[in-house]
Amino acid sequence: MNKKTGVKILGTGSYFPKKILTNADLEKMVDTNDEWITTRTGMKERHIAAPEEVTSDLALGASLEALKAAKIDASQIDLILVSTITSDMFFPTTACYLQTKLGLKDIPAYDLLAACSGFIYGLANAKAYIESGMYKTILLVGADILSRITDWTDRNTCVLFGDGAGAIVLTASEEDDDIVSVSLGADGSYSPLLYMYGGGSVCPATAESVAAKHHTMTMHGKEVFRNAVPKMVLAAEQALEKSGKKLEDIKLFIPHQANMRIIEAVAKKLNIPMDSVFINIHKTGNISSATTITALDEAIKTGKIKKGELAVLVAFGGGFTWGGAVIRV
Ligand code: ACO
């Protein structure tokens with residue numbers, strides 16, 4: 001019998017727009033203050049895309065860095081997956097725009113949408129494709145420009161989000177099994193707690209829908225918070241169980257960076273000390289699909305996790321969706 005095909009992580013990369021929006025900047029825009037934002041969320045600053053930058057540009061920046069780290073040419077990719085809730089256009093996909101920007105043709109490219117859990121959903125897609133033998137080398141990107149769907153007059157949400165992109169290159173391997181396990185979940189009955197009403201078939205864009213602010217995010221923060229903690233704990237536990245690994249085997253816990261208090265509550269429930277938890281929320285805010293992959297990339301670059309060590313990634317987002325993954329760097 002042939003040995004099972006595993007997945008090898010070849011390289012990761014990130015891209016952040018140059019402009020930084022600080023809590024002090026936000027104080028000038030809405031009735032808020034640095035103390036409230038810092039104590040309630042842990043956020044200090046976030047990157048904001050320039051007017052001419054679109055999601056596929058951020059995705060391109062992250063992809064080029066990931067390809068460089070992977071030491072392969074773009075022509076070796078045979079599938080592009082992009083997780084985003086802020087695609088360049090409603091259609092065609094950001095993955096198709098990225099394909100052209102990478103100078104590629106003919107290989108399949110598509111977007112997937114699972115809000116803040118999208119990168120972990122993408123990992124599950126990539127793992128299944130590679131293990132089945134359908135595709136060999138996959139570029140998976142998480143990219144979002146949340147500043148474009150943020151109501152900049154709503155202090156409840158506008159302080160929370162930022163822009164950025166992260167990418168990972170994965171390939172088939174007989175020796176390595178770096179995506180050890182992935183566990184996913186969703187509960188659509190919670191969709192009224194976090195959504196963007198306008199732009200789809202429920203509420204196509206009209207002058208009225210724009211005036212009613214239906215093209216920016218609506219979030220019931222407290223209820224989202226309440227659900228995020230148990231679901232992120234569940235996602236971590238399920239991913240660990242599937243992997244056959246124990247918490248003691250894990251070097252670094254990399255949670256979705258939506259709120260410092262959520263991260264602390266999840267770590268406490270899992271009994272993980274905070275010095276084993278990766279945090280960059282103060283610099284990035286919540287960048288939805290880009291959060292876990294940019295956090296992983298930074299953890300690798302800064303040596304917080306080293307070659308051969310295990311990490312648990314966990315995310316939660318609109319849908320609700322959630323996911324966990326045990327990976328070997
Ligand atoms: N500055 C100052 N005051 C504020 C601000 C602000 N930016 N925002 C809200 N407030 C006020 C509120 O108006 C409220 O005032 P009131 O008591 O006079 O009405 C008070 O602060 C408390 O508001 P709460 O909403 O109760 O604050 P809470 O402690 O719940 O924190 C927050 C709000 C940060 C949004 C939190 O609930 C949260 O992080 N929720 C989860 C978000 C999340 O995880 N999202 C993930 C998915 S995102 C995705 O999928 C795209």
Side-chain angles (χ1 to χ4, degrees), residues 9 12 41-43 83 85 112-127 140 142 144 160 164 166 168 178-187 190 194 224-281 284-300 304-305 309-329:
I9 298 175
T12 59
T41 73
M43 295 169 190
S83 165
I85 59 168
L112 53 97
L113 196 161
C116 299
S117 315
F119 178 73
I120 308 227
Y121 270 63
L123 274 183
N125 278 239
K127 178 176 165 67
L140 168 64
D144 268 306
L160 302 173
I168 190 164
D178 295 344
I179 311 300
V180 186
S181 69
V182 187
S183 171
L184 306 177
D187 186 342
Y190 286 102
L194 180 52
V224 175
F225 192 123
R226 222 172 276 139
N227 284 279
V229 176
K231 289 298 188 274
M232 286 171 75
V233 170
L234 178 76
E237 287 173 344
Q238 288 182 339
L240 277 166
E241 195 184 326
K242 255 181 149 175
S243 72
K245 306 285 177 195
K246 296 200 171 55
L247 260 182
E248 304 85 83
D249 303 323
I250 304 301
K251 172 70 181 175
L252 195 62
F253 181 63
I254 306 180
H256 179 53
Q257 312 276 311
N259 187 310
M260 191 60 197
R261 290 180 295 142
I262 293 178
I263 295 171
E264 285 167 348
V266 172
K268 195 170 169 202
K269 283 208 175 346
L270 288 168
N271 213 7
I272 301 173
M274 283 308 288
D275 57 6
S276 299
V277 180
F278 184 82
I279 308 289
N280 67 355
I281 193 168
T284 63
N286 178 354
I287 10 173
S288 196
S289 292
T291 297
T292 38
I293 174 59
T294 49
L296 171 65
D297 181 50
E298 189 183 330
I300 294 171
K304 293 234 160 59
I305 187 154
E309 291 178 332
L310 292 170
V312 174
L313 308 183
V314 181
F316 175 86
F320 289 146
T321 58
W322 55 91
V326 174
I327 64 161
R328 188 181 302 280
V329 167

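Numbers here simply count residues along the sequence, with the first being 1.
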Mind running side-chain contact (heavy atoms from CB on, under 4.5 Å) on Thr284 and Thr294 for me, showing each step along the way?
CA-CA 9 Å; Thr284 63; Thr294 49; 5.5 Å; no

Which pair of non-hydrogen atoms, one from Val277 and one from Ala267, has the smallest distance, and what is that distance?
CG2-CB, 4.0 Å

Minimum heavy-atom distance Thr292-Pro255, with the two atoms named:
CG2-C, 4.3 Å

Worked check of side-chain contact (heavy atoms from CB on, under 4.5 Å) between Val224 and Phe316
CA-CA 9 Å; Val224 175; Phe316 175 86; 4.0 Å; yes

Rounded to the nearest 0.5 Å, what separation is found between the OG1 atom of Thr321 and the CG atom of Asp187?
10.5 Å

Output, in order, the C-alpha distance, side-chain angles, deciding distance and verdict of side-chain contact (heavy atoms from CB on, under 4.5 Å) for Val314 and Val266.
CA-CA 10 Å; Val314 181; Val266 172; 5.7 Å; no

Rounding to 0.5 Å, atoms CZ (Phe119) and CG (Leu313) come to a distance of 6.5 Å

Is the CZ atom of Phe225 crowded by more than 12 outside heavy atoms at less than 6.0 Å?
yes

Nearest atoms (heavy-atom pairs only) where Ala295 meets Asn280:
CA-ND2, 3.9 Å

Between CG on residue Leu240 and CD1 on residue Ile250, distance to nearest 0.5 Å:
5.0 Å

Ile327/Leu296 under side-chain contact (heavy atoms from CB on, under 4.5 Å): CA gap, chis, key distance, verdict:
CA-CA 10 Å; Ile327 64 161; Leu296 171 65; 3.7 Å; yes

Looking at Ala124 and Leu184, what are the two nearest heavy atoms and their distance?
CB-CD1, 3.7 Å

Do the side chains of Ile305 and Leu310 get nearer than 4.5 Å, heavy atoms only?
no

Looking at every heavy atom in both Gly317 and Ala115, which two are closest together, and how far apart are they?
C-CB, 4.1 Å

Rounded at 0.5 Å granularity, tell me how far OH in Tyr121 sits from CG in Leu113.
11.0 Å

In Å and rounded to the nearest 0.5 Å, what is the OG to CH2 distance from Ser183 to Trp322?
10.0 Å

So do the side chains of Ile254 and Val312 get within less than 4.5 Å of each other, counting heavy atoms only?
no

Side chains of Glu237 and Leu270 in contact at under 4.5 Å (non-hydrogen atoms)
yes

Looking at Ala239, is its backbone amide N or carbonyl O close enough to the side chain of Ser181 to form a donor-acceptor pair, meaning the two atoms are under 3.5 Å apart?
yes

Decide yes or no for Met232 and Ile262: does some side-chain heavy atom of the first lie under 4.5 Å from some side-chain heavy atom of the second?
yes

Can you tell me how far apart NZ (Lys127) and CG (Asp178) are? Round to the nearest 0.5 Å.
10.0 Å

Could you check if a side-chain atom of Lys304 sits within less than 4.5 angstrom of a side-chain atom of Phe278, using non-hydrogen atoms only?
yes

Using the side chain to side chain donor-acceptor pair (under 3.5 Å) rule, collect all pairs that involve residues 250-269, keeping only residues at least two apart or in two chains.
His256-Asn286

pair Glu309-Val329: side-chain heavy atoms closer than 4.5 Å:
no

Write down the atom of Leu123, the atom of Ala325, and the distance for their closest heavy-atom approach.
CD1-CB, 4.0 Å

Under 4.5 Å between any side-chain heavy atoms of Ile9 and Ile179, yes or no?
yes

Say whether, by atom type as modelled, one donor and one acceptor occur between the side chain of Ser276 and the main chain of Ile272 under 3.5 angstrom.
no

Are Ser289 and Asp144 side-chain neighbours, meaning at least one heavy-atom pair lies under 4.5 Å?
yes

